[in-house]
Each structure stands twice: as structure tokens, then as C-alpha cells.
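Some notes on the structure that comes next.
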Amino acid sequence: YNLGLSIDHVAIVDFDGFRRIVDTLEGIDVPVFCAYTDWHLIDPSYDPENEDNWSLYTVGPGVIHMNGDLALWYARSRKKSSDFDRGRRSQEVLRALYTRALQTGSISKIPELYDDFKSTLITDLTLPDLLELAPLALHLNNADIRSYFIGKDQVTGWMTPGGASVLLPNGPVIQAMLQQALSPAPRPAEVEPLMVEVRNGTTNLGWDSLAAERLNYVGYDTRLASADRQNYVNSLLYDLAETPDMNRVNSLLNVLGLPLEAFVTAPMQVDMNYVLIVGADYQPCFNPAGISP
């Protein structure tokens, strides 16, 4: 109602159900772009009302393998951040869940999974509905999925007469974001998607995956490959086309947060468009709302 959206279907899962889903998948690999620190219950069985049972815990940057308890903490904690940041992290977890479901072949196990989790999941989708939708998942990867969330730029702080601190929505800005989110995908289905091969030229584990996921956010297809060495000081973006498209190059550099000096021309006939070598200067932390293709 508040956003003017028509919701087609709904799925609600409780905390225990969420943990079970992640643990059934044997954990998920979450790309944590920015190091995150917050209070974490030392053990899930401990009394959360006892302050001594909590300690500060930090994850990232890197690709972090999370069990159900850690994934739930990362998706919902906000004592040392904000609701805006929690929304971003929740979407990172959902994207990781989707990737893991495809990797484990869980799409083909929907009937038994539906029976296992129907007690912890509330949805208006029936099993036949899910089976009809399931084949679509086999044709979508993270480069096809867009993530949007309301951030600080879409709201204004206000104090109510009763003294409560609230946020007022900036209607036109939010509607513009929704229009972008609900518009057709920016790349036509008949056009060959751009492929960027990402290589980790550092000893920082998972930084190639972080860069690849960052490119996926705006629709670039990626694949990972080994670098020839792991002591690159600077990141490099190789354009393999005969004639570089500088608009596209500038877009890629903007998405990755790299300077123009990182651009290198290297024409060759291969099955990819660009090669990105992640160097020690790469900054994995970024704001998804601040990048565009």
C-alpha cells in the first residue's frame, strides 16, 4: 500500500525455519564486501537476555561460509549499523541462498523440501505453483537479478509531536527507484551478454568473487580464473575488443571503483570481452545503490 505495489505472492519464514533452510543446504557462501562488526550471541543455546552471553563479532571482507545461525545474525543484526544496512545485507544473503540452491541441485528436490519446510513456511504458493515456476530458475543467474532497497537518500528524518524519531518517505525519489526496478531488464534477451573474466592477483582470499558479484549487481556475466601471479599492486581491466567502447569501459571502471589508469587494451579473439585482474589497490567495500551500468 505505502509503495503502490501489487504483491503477487508472499512467503514468510520464521527464524528457526531460516536456520534450517541454510543448514539443509550445508551452509551458504556470502560475499561480504564491507567488514561488519556487531554483537553476536556466543552460542545459540545461551540465554539472549543475559548480556554476558554476547560478544562483538566481525566478518569480512571476503566470501564467508555461513551456517544457519551465522547467516541469520548477518541478515538481521543492526545494533551497530542501521535498518538500511540490514536491508542490504539481507539481500546479499538471499542472493547467496539462490546461488547455493542452484549449486546443490535443490530445484529438483522441491517436492520433498516442500514437505520438510511447510511447517515453518507460510505461503500462498502451492506445490504445483512452485513446480511450474521452478524451471525459470535454471535460466537465471546472479547477473540477471537486480537488488533494490530504500536507503538514506530516499527518506527524511522527522520528529513526531510525541517525540518519536521517524523517517518520512521521499515519494518521487522512491517512485523513480521502483520504476527502474520494475522496468524490463536493461539487456535484451537476444543480445549476447558481456562476459568479464575475473582473476585474483592478490593473496586476499575471495576477492575475485567479491569483484565478480559486484559486476553481477549491474548485469555483467562473470567467470573466475587463476591469475599468473598474486602480487599485483594495481588492478587492471583488459579490454579484448579491436575497438574499445569507451562508454562501456567507463561504466565498468565506475562499477568497480577503479581509475582510468587501470584500463588496458589487449585485442584478441577469445570467448570473453574483458579480463579483470584484482590488485592490492582494489577496495571491495561499496554501496550497491551508488553504482549503475
Side-chain angles (χ1 to χ4, degrees), residues 13-23 25-100 142 147-155 157 165-167 198 200 202-218 230 235 255-258 278-291:
V13 63
D14 61 27
F15 294 156
D16 287 336
F18 177 83
R19 291 190 188 95
R20 282 185 57 210
I21 291 171
V22 174
D23 289 338
L25 295 172
E26 299 181 350
I28 56 176
D29 295 320
V30 181
V32 179
F33 302 101
C34 308
Y36 181 70
T37 301
D38 212 327
W39 293 99
H40 182 262
L41 193 62
I42 297 173
D43 187 283
S45 64
Y46 288 5
D47 180 8
E49 300 301 322
N50 185 342
E51 291 185 359
D52 293 334
N53 291 336
W54 294 81
S55 66
L56 284 175
Y57 189 80
T58 300
V59 293
V63 178
I64 310 300
H65 187 74
M66 299 186 182
N67 61 15
D69 181 64
L70 185 58
L72 181 63
W73 167 82
Y74 184 70
R76 67 181 295 259
S77 62
R78 64 179 181 94
K79 288 291 186 181
K80 297 182 74 65
S81 60
S82 66
D83 281 327
F84 302 121
D85 188 61
R86 178 170 63 174
R88 174 188 62 81
R89 285 182 277 111
S90 297
Q91 293 193 10
E92 287 178 11
V93 169
L94 286 175
R95 293 171 74 98
L97 269 170
Y98 180 73
T99 298
R100 183 62 175 163
N142 267 342
S147 296
Y148 294 87
F149 54 90
I150 294 174
K152 295 179 182 179
D153 294 336
Q154 286 91 34
V155 296
S165 179
V166 301
L167 297 170
V198 184
N200 191 356
T202 76
T203 56
N204 300 309
L205 295 178
W207 276 27
D208 49 350
S209 295
L210 294 182
E213 183 72 13
R214 187 165 173 170
L215 291 167
N216 290 164
Y217 257 94
V218 292
Q230 293 183 300
S235 300
V255 169
L256 293 164
L258 296 177
V278 177
D281 65 335
Y282 182 68
Q283 298 296 320
C285 187
F286 78 106
N287 177 10
I291 62 174

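Excluded from the calculations below are hydrogen atoms, water molecules and symmetry mates; all remaining heavy atoms, backbone and side chain alike, are included.
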Handout entry: Beyond-backbone contact of Leu205 with Val63, side-chain heavy atoms, under 4.5 angstrom
Key = no

Practice task
Answer whether the closest heavy-atom distance between the side chains of Phe84 and Asp153 falls below 4.5 Å.
Solution key: no

Non-hydrogen atoms of [X] and [Y] that approach each other most closely:
{"X": "Leu167", "Y": "Gly157", "answer": "CD2-CA, 4.0 Å"}
{"X": "Ala96", "Y": "Val30", "answer": "CB-CG2, 3.9 Å"}
{"X": "Ser147", "Y": "Tyr217", "answer": "CB-CE2, 3.9 Å"}
{"X": "Thr202", "Y": "Ala280", "answer": "CG2-N, 3.5 Å"}
{"X": "Ser90", "Y": "Ala75", "answer": "OG-O, 2.7 Å"}

Handout entry: disulfide bond (SG atoms under 2.5 Å apart) partners of residues 38-87, not counting sequence neighbours, each pair once
Key =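 Pairs touching residues 38-87 that pass the test: none.
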
Exercise for the section: Could you list all the disulfide bond (SG atoms under 2.5 Å apart) pairs where at least one residue sits in residues 55-87, not counting sequence neighbours? Expected result: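 Residue pairs with at least one partner in residues 55-87: there are none.
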
Practice task
Output, in order, the C-alpha distance, side-chain angles, deciding distance and verdict of side-chain contact (heavy atoms from CB on, under 4.5 Å) for Trp73 and Met66.
Solution key: CA-CA 10 Å; Trp73 167 82; Met66 299 186 182; 5.8 Å; no

Practice task
May I ask you to decide whether Asp85 forms a salt bridge with Arg88, counting only side-chain N to carboxylate O separations under 4.0 Å?
Solution key: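 Yes, Asp85 and Arg88 are salt-bridged.
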
Show me the donor-acceptor pairs within less than 3.5 Å that the side chains of residues 40-48 make with the rest of the protein, sequence neighbours left out.
from  : atom 1 : to    : atom 2 : distance (Å)
Asp43 : OD1    : Ser45 : N      : 2.8
Asp43 : OD1    : Ser45 : OG     : 2.5
Asp47 : OD1    : Glu49 : N      : 2.9

Handout entry: Candidate list Gln283, Arg89, Glu92, test side-chain contact (heavy atoms from CB on, under 4.5 Å), partner Phe33, passing option
Key =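 Per the side-chain contact (heavy atoms from CB on, under 4.5 Å) rule, the option paired with Phe33 is Glu92, out of Gln283, Arg89, Glu92.
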
Practice task
Just do the side-chain contact (heavy atoms from CB on, under 4.5 Å) check on Asn216 and Arg95 with the steps written out, would you?
Solution key: CA-CA 11 Å; Asn216 290 164; Arg95 293 171 74 98; 4.1 Å; yes

Exercise for the section: Apply side-chain contact (heavy atoms from CB on, under 4.5 Å) to Ser77 and Trp39, showing your working. Expected result: CA-CA 8 Å; Ser77 62; Trp39 293 99; over 6 Å; no

Practice task
List the steps, then state whether side-chain contact (heavy atoms from CB on, under 4.5 Å) holds for Tyr282 with Asn200.
Solution key: CA-CA 10 Å; Tyr282 182 68; Asn200 191 356; over 6 Å; no

Exercise for the section: Indicate yes or no for a side-chain donor-acceptor contact from Ser235 to the backbone of Val278 under 3.5 Å, with no hydrogens or angles considered. Expected result: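 No, Ser235 side chain to Val278 backbone: no donor-acceptor pair under 3.5 Å.
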
Practice task
Examine distances only and state if a side-chain atom of Gln154 and a backbone atom of Gly151 form a donor-acceptor pair shorter than 3.5 Å.
Solution key: yes

Handout entry: Pair Ser81-Tyr36, side-chain donor/acceptor within less than 3.5 Å
Key =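 Indeed, the side chains of Ser81 and Tyr36 share at least one donor-acceptor pair under 3.5 Å.
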
Practice task
Sequence neighbours left out, what pairs pass salt bridge (Lys or Arg N to Asp or Glu O under 4.0 Å) with at least one residue falling in residues 59-70?
Solution key: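 Every pair satisfying salt bridge (Lys or Arg N to Asp or Glu O under 4.0 Å) with a residue in residues 59-70: Arg19-Asp69.
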
Practice task
Can you run down the salt bridge (Lys or Arg N to Asp or Glu O under 4.0 Å) pairs that involve residues 70-81, sequence neighbours left out, and say none if there aren't any?
Solution key: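 Pairs touching residues 70-81 that pass the test: Arg78-Asp83.
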
Exercise for the section: Find the distance between CG (Leu94) and CD1 (Ile28) and round it off to the nearest 0.5 Å. Expected result: 8.5 Å

Exercise for the section: Would you give the length of the straight line joining atom CG of Leu210 to atom CG of Asp208, rounded to the nearest 0.5 angstrom? Expected result: 8.0 Å

Practice task
Please check if atom CG in Leu56 has more than 12 non-hydrogen atoms from other residues, nucleotides or ligands closer than 6.0 Å.
Solution key: yes

Handout entry: Of all pairs that satisfy side chain to side chain donor-acceptor pair (under 3.5 Å), the ones with a partner from residues 50-68, not counting sequence neighbours
Key =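 Only Asp29-His65, Thr37-Thr58 qualify under side chain to side chain donor-acceptor pair (under 3.5 Å).
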
